[in-house]
Participant: 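One structure, pasted below without further comment.
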Amino acid sequence: MRYDLILFDNDGVLVDSEPISNRHLAAYLTELGHPTTYEDSVRDYMGAAMHRVHDLVQERTGERLPADFDDVFHARVFAAFERELRPVAGVEGVLEKLAADGVPYCVASSGSHERIRVGHRATGLDRWFGDGRIFSSQDVGRGKPDPDLFLYAAERMGVAPERCLVVEDSPLGVRAAVAAGMDVYGFTAMTPPEKLVDATQLFSSMGELADLLV
């Protein structure tokens with residue numbers, strides 16, 4: 001393999017959480033007087049850290065979201081995760097292959113550590129990701145599209161950026177990987193290919209990714 005480290009985004013790549021999260025985010029913003037459709041949420045916030053939601057709402061309306069916005073939103077989403085969340089189809093096969101081949105991997109997500117762990121416990125993916133393999137935008141302060149998270153994860157894993165491959169499904173994540181000097185494979189199951197044009201390679205299923213990683 002030509003890469004020494006595979007960095008996975010979490011939401012939409014490891015766990016099928018984007019439909020759940022964006023449904024609840026759109027509903028909550030609308031409830032607070034900021035009308036938002038599911039499609040709006042996917043377009044504006046998919047792949048982003050929570051500070052982007054606050055920043056865009058304030059930029060567009062001049063109003064701040066409530067101080068407890070993140071806590072209320074996460075409580076709703078985590079409850080839905082326990083009921084509905086599933087791994088992305090085929091991703092466990094990819095992880096099995098990487099483990100069998102001895103290829104280092106980790107998760108680098110805009111989501112909080114708590115969100116990552118709740119999702120992994122609900123789907124059984126926690127057996128693949130110990131503490132040393134989990135990195136969050138909380139660790140660096142600035143989430144995607146800034147490259148900080150990917151660079152931090154690579155540094156902690158002891159791998160140079162040019163030897164890393166990022167697996168992403170959002171335009172913000174692809175931009176962050178490119179800015180970090182890493183190759184990036186764009187997952188098009190939920191994101192139109194034309195929105196991931198800066199990716200090194202596009203793929204539409206985890207079976208296809210497994211073949212690409214040979």
Participant: Minimum heavy-atom separation for V15 to G119, with atom names?
Facilitator: CG1-O, 4.1 Å
Participant: Grab the two heavy atoms, one from M46 and one from S170, that are nearest each other, plus how far apart they are.
Facilitator: O-CB, 3.7 Å
Participant: Calculate, to the nearest 0.5 Å, the distance between atoms CD1 and CG belonging to I6 and D183 respectively.
Facilitator: 10.0 Å
Participant: Whether the D169 and T191 side chains hold a donor-acceptor pair (N or O, under 3.5 Å, no angle test) is what I'd like checked.
Facilitator: no
Participant: Considering non-hydrogen atoms only, spot the tightest contact between A199 and G186 and give its length.
Facilitator: CB-N, 3.8 Å
Participant: Rounded to the nearest 0.5 Å, how far apart are CG of L125 and CG of L95?
Facilitator: 6.5 Å
Participant: Work out which heavy atom in P147 is nearest to a heavy atom in A180; give both atom names and the distance.
Facilitator: CB-N, 3.6 Å
Participant: Parallel under 30°, tilted from 30 to 60°, perpendicular over 60°: which one fits the rings of Y105 and F8?
Facilitator: perpendicular
Participant: Taking the inter-plane angle between the rings of F78 and H74 on a 0 to 90° scale, is it parallel (under 30°), tilted (30 to 60°) or perpendicular (over 60°)?
Facilitator: parallel
Participant: As an exercise, state the distance from CZ of R117 to CG of D131, rounded to the nearest 0.5 Å.
Facilitator: 4.5 Å
Participant: Do L196 and P171 make a side-chain contact, defined as non-hydrogen atoms from C-beta onward lying under 4.5 Å apart?
Facilitator: yes
Participant: Decide, yes or no, whether a salt bridge links K97 with D211 under the criterion of side-chain N to carboxylate O below 4.0 Å.
Facilitator: no
Participant: Which one of T37, V57, L56 satisfies the side-chain contact (heavy atoms from CB on, under 4.5 Å) criterion with L29?
Facilitator: V57
Participant: Just checking F150 against F135, ring centres under 6.0 Å apart?
Facilitator: no
Participant: Could you tell me whether the side chains of S21 and R115 share a donor-acceptor contact shorter than 3.5 Å?
Facilitator: yes
Participant: Hey, can you tell me if F203 and Y185 have their rings parallel, tilted or perpendicular (30° and 60° cut-offs)?
Facilitator: perpendicular
Participant: Ion pair present between D40 and R43, side-chain N to carboxylate O less than 4.0 angstrom?
Facilitator: yes
Participant: State whether D9 and K144 are salt-bridged, where the test is any N-O pair (Lys NZ or Arg NE/NH1/NH2 against Asp/Glu carboxylate O) under 4.0 Å.
Facilitator: yes
Participant: What distance do L149 atom CG and Q138 atom CD have between them, rounded to the nearest 0.5 Å?
Facilitator: 11.0 Å
Participant: Heavy-atom distance under 4.5 Å between the side chains of L165 and R2, does that happen here?
Facilitator: no
